[in-house]
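As the structure is a prediction and not an experimental result, all values here were calculated from the model. Chain letters run A, B, ... following the sequence lines, proteins first and then strands; every chain starts at 1.
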Amino acid sequence: MAPVATPFFFYLLSGIMLIGGILVITRKNPVHSALALIVTLLAQASIYLMLYAPFVAGVQIILYAGGIMVLFLFVIMLVSIDRSIKERQFNSQWVVGIIAATALGGLFIAAFTKGDKIFPEHVLPMVENDNTQNIATLLYGQYMFAFEIASLLLLVAIIGAVVMAKKRI
Amino acid sequence: MLHITTLHYLVLGAALFLLGVIGVLTRRNVVIVLMSIELILNAVNLNLVAFSRLWGGLHGQIFAIFVITDAAAEAAVGLGILIAFFRNKETVNIDEVNLLKW
Amino acid sequence: MNSIVQYIQSYLASDKTPGAAGNMFWALVYIMLVFVGLSVAVIAMNWLERKILAHMQVRLGPMRVGPHGLLQPIADAIKLLLKEDIIPAEADGLIFWMAPFIVVLAAFTVFVVVPFGPTHAITDMNIGILFMLGVSSLSVLGIVMAGWASNSHYPLIGALRSSAQMVSYEVAMGLAVVSAILMTSLNATGTGTLSMIGIVQAQQAQGEWFIFKFFPLGLIAFFIFAVAMVAETNRAPFDLAEAESELTAGFHTEYSGFRWSLFFLAEYSAMIAVSSIAVTLWLGGWLRPFPNLLSGGIWELVFSFFPGVTFLFFAAICFYNTVRMPKHPLFRIQTIGLAAFGVVLALIGLVLFIPAVSMRVQDIFWFATKVAAFMYLYIWYRGTFPRYRFDQLMQMGWKVLLPMGLGVLILTASVALLQQKLWHP
């Protein structure tokens with residue numbers, strides 16, 4: 001089923017994402033930031049659906065919103081946050097940081113206004129029905145090696161996290 | 001207004017990326033810095049999927065999945081470091097991580 | 001008027017779900033039907049759980065409100081709605097306010113892809129089972145938010161326990177699900193499917209439920225899922241998150257009235273949701289028993305009587321108890337009420353004998369029956385098992401279920417590959 005009312009949903013979802021992103025970096029309380037980030041991630045999953053990427057959308061929901069963000073919330077609850085809320089929220093180089101980010105933003109604007117013509121107007125058709133099957137074929141075929149390395153990376157990350165966080169091994 | 005092109009998605013991705021960069025560069029709380037990194041990774045993912053739609057292939061989506069995998073690994077290790085750090089110094093402020101500073 | 005009838009008939013002839021056909025109106029009708037059906041199921045579960053638990057403990061359970069306490073859930077609902085809605089002074093207002101809605105939303109959104117029949121689902125997604133697991137994992141966020149926002153010790157400990165438990169058991173659950181999905185790929189094309197309807201159709205095509213496939217591999221995967229789903233919904237014996245003897249009520253200690261009832265609603269609809277995943281993946285979804293072995297006109301006819309007979313049986317129980325009611329004048333209203341309830345059930349049963357109705361309803365009946373069996377299992381567990389300790393729970397999840405799930409996954413994959421290579425080269 002083709003996406004309906006694409007412009008409306010695009011502007012709605014991107015508005016939600018941007019507001020969520022702004023809330024993430026401005027809230028004092030990390031829990032509020034995390035919730036804003038969850039809203040952003042869910043809106044992004046919907047945008048993936050509009051881009052004919054249902055499998056990535058599903059992975060986004062199950063891994064990001066259901067896995068990583070729960071981990072974040074869990075850790076926020078473990079470390080006491082009462083003190084850090086009362087402290088200064090921005091570090092001493094925030095002026096430099098803003099300037100650097102503005103420069104990066106200027107670069108983006110320049111690239112997008114100059115390179116506007118690079119991207120073709122119409123997009124190639126894509127079959128949505130076999131999305132999952134095709135991704136599986138690619139993932140276990142052409143990208144097999146990368147897939148194995150990713151699994152190794154996850155193993156290393158598990159061991160690293162345990163070594164870091166455990167008091168006495 | 002009536003037609004959403006790839007550029008729209010790219011601009012959205014760039015805006016999210018900028019928000020993430022500002023968060024990483026200015027905030028003191030490690031947890032929020034890590035979340036800003038997640039924002040950056042998501043901006044990249046959005047671009048990858050948008051390009052994948054543009055060229056009608058699935059390689060961009062595959063890369064998005066790999067990036068999500070890396071984000072999971074990064075979050076696990078980062079939060080592990082955070083807990084170890086909090087246990088030693090009783091703070092979550094990133095500018096107090098200055099043991100190596102002379 | 002005529003055009004409306006034609007419209008409905010054109011829908012009834014369709015072989016697609018309303019969502020897949022892009023039919024907004026019927027999708028809305030289905031959403032309303034699923035919502036109403038779920039609410040009724042939760043109300044019924046409330047009564048049944050109290051009654052069955054009571055009878056397991058040689059008590060009578062609710063007896064006062066209505067005959068045999070049949071109106072007790074309604075009385076409870078009115079009581080909860082009329083109660084004061086307290087938000088603690090030190091709580092984080094917005095999050096405290098939002099948390100129950102997130103849990104309810106996650107628990108209800110899951111039903112978008114649940115296949116009650118080949119065309120009786122709101123929609124059929126290409127990523128159906130992934131969507132179900134993902135959205136049901138969002139409910140842990142609501143629980144964590146509720147526990148944290150209450151700004152109190154018991155809820156926080158409950159939320160921490162609950163999130164750790166749900167994240168741990170999600171892994172084992174996912175592995176069990178993957179091994180079932182692997183079985184869908186045993187067809188001529190060699191590609192499986194994640195769509196809920198596709199999974200049931202694969203079981204139909206292969207001629208056996210996945211619980212019996214590659215015996216005992218399917219059974220072990222089902223067992224892992226059946227354990228993990230109890231932990232996932234925070235029910236006894238894994239109800240550490242709301243262990244009343246240690247944490248008063250866990251993450252919803254500070255909630256009262258309407259918001260508490262939302263948590264209650266979410267818990268029961270989440271139970272129904274995970275049970276319907278189990279039914280879809282391993283127990284053949286909407287398929288009636290022995291669709292291939294006992295096929296043909298006569299068996300079709302016999303099995304089409306089942307829904308009506310079941311309702312008539314319930315009606316008969318009602319009438320039996322009406323006769324057994326005390327003959328005192330004070331019990332007259334209750335006796336009449338029970339008889340009226342029996343008459344309603346009998347009428348529904350008789351309507352279900354009409355061939356046109358039973359054809360459409362049969363799938364839903366078998367699906368609901370299988371889910372009801374799981375609901376009974378839940379109550380049974382709660383009545384009989386002692387609660388696990390938290391370290392035992394974690395040990396069970398990570399050291400027993402996870403390796404078992406991995407082993408089953410590898411064995412299933414090997415057997416499936418062997419079968420494809422040897423029998424269908």
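- Taken from CZ in A:F112 to CG in B:L10, the straight-line distance is 5.0 Å, to the nearest 0.5 Å.
- The CD atom of B:Q61 sits 10.0 Å away from atom CZ of A:F55, with the distance rounded to the nearest 0.5 Å.
- Between B:V49 and A:A53, the shortest heavy-atom distance links the atoms CG1-CB, 3.8 Å.
- Counting heavy-atom pairs under 4.5 Å between each of B:L19, B:D70, B:N42 and chain A puts B:N42 at the top.
- Contacts of B:F85 with chain A are absent, with no heavy-atom separation under 4.5 Å from either backbone or side chain.
- For chain B, the nearby parts of A:A146 are the backbone and the side chain; heavy atoms of each come within less than 4.5 Å.
- Contact of B:A64 with chain A is made through the side chain alone, with heavy-atom distances under 4.5 Å.
- Taking CH2 of A:W94 as the reference point, atom CG of B:L25 lies at 13.0 Å (rounded to 0.5 Å).
- Of the listed residues (B:V33, B:L82, B:T69, B:V24), the one with the most heavy-atom contacts under 4.5 Å to chain A is B:T69.
- Of all heavy-atom pairs between B:A15 and A:L18, the closest is CB-CD2, 3.7 Å.
- Residue B:F63 places its CZ atom among 12 or fewer non-hydrogen atoms of other residues, nucleotides or ligands, all under 6.0 Å distant.
- Heavy atoms of B:E38 lying under 4.5 Å from chain A belong to its backbone as well as its side chain.
- B:I62 touches chain A through its side chain: at least one heavy atom from C-beta onward sits under 4.5 Å away, while N, CA, C and O do not.
- Note: A:I68 CD1 to B:M35 CE = 12.0 Å, rounded to the nearest 0.5 Å.
- No side-chain heavy atom of B:F66 sits less than 4.5 Å from a side-chain heavy atom of A:L153.
- If you check the side chains of A:Q44 and B:N45, you find no donor sitting under 3.5 Å from an acceptor.
- Residues A:Q60 and B:I68 form a side-chain contact, since some pair of their non-hydrogen atoms from C-beta on lies under 4.5 Å apart.
- Heavy atoms only, all atoms of each residue included: B:V31 and A:P30 are closest at CG1-CB, 4.3 Å.
- Counting only heavy atoms from C-beta outward, the side chains of B:L48 and A:V56 never approach each other to under 4.5 Å.
- Contact of A:S33 with chain B is made through backbone and side chain together, with heavy-atom distances under 4.5 Å.
- Contacts between B:L46 and chain A at a heavy-atom distance below 4.5 Å involve backbone atoms as well as side-chain atoms.
- Looking only at heavy-atom pairs under 4.5 Å with chain B, the residue among A:V59, A:T26, A:L37 that has the most is A:L37.
- Between A:I47 and B:L12 there is a side-chain heavy-atom pair separated by less than 4.5 Å.
- Residues B:I32 and A:V24 approach most closely at CG2-O, 3.7 Å, considering heavy atoms.
- Proximity to chain B involves both the backbone and the side chain of A:L71, based on heavy atoms less than 4.5 angstrom apart.
- Looking at A:I159, neither its backbone nor its side chain comes within 4.5 Å of chain B, counting heavy atoms on both sides.
- With a threshold of 4.5 angstrom between heavy atoms, A:T102 does not approach chain B through any atom at all.
- Looking at A:Y64, only its side chain comes within 4.5 Å of chain B, counting heavy atoms on both sides.
- With rounding to the nearest 0.5 angstrom, the CD1 atom of A:I135 is 8.0 Å from the OG atom of B:S52.
- Taking the side chain as every heavy atom from C-beta outward, B:R53 and A:Y48 never approach each other to under 4.5 Å.
- Counting heavy-atom pairs closer than 4.5 Å to chain A, the top residue among B:V77, B:L34, B:L79, B:V21 is B:L79.
- Interface residue A:L63: only side-chain heavy atoms are found under 4.5 Å from chain B.
- Nearest heavy atoms, A:A161 versus B:A76: CB-O, 3.7 Å.
- Looking at B:R27, the atoms closer than 4.5 Å to chain A (heavy atoms on both sides) sit in the backbone and in the side chain alike.
- A:F72 touches chain B through backbone and side chain together, each having a heavy atom under 4.5 Å away.
- Rounding to the nearest 0.5 Å gives a distance of 13.5 Å between CD1 of A:I25 and CG of B:N29.
- Of all heavy-atom pairs spanning B:T26 and A:I98, the tightest one is CG2-CG1, 4.1 Å.
- Proximity to chain A involves both the backbone and the side chain of B:V11, based on heavy atoms less than 4.5 angstrom apart.
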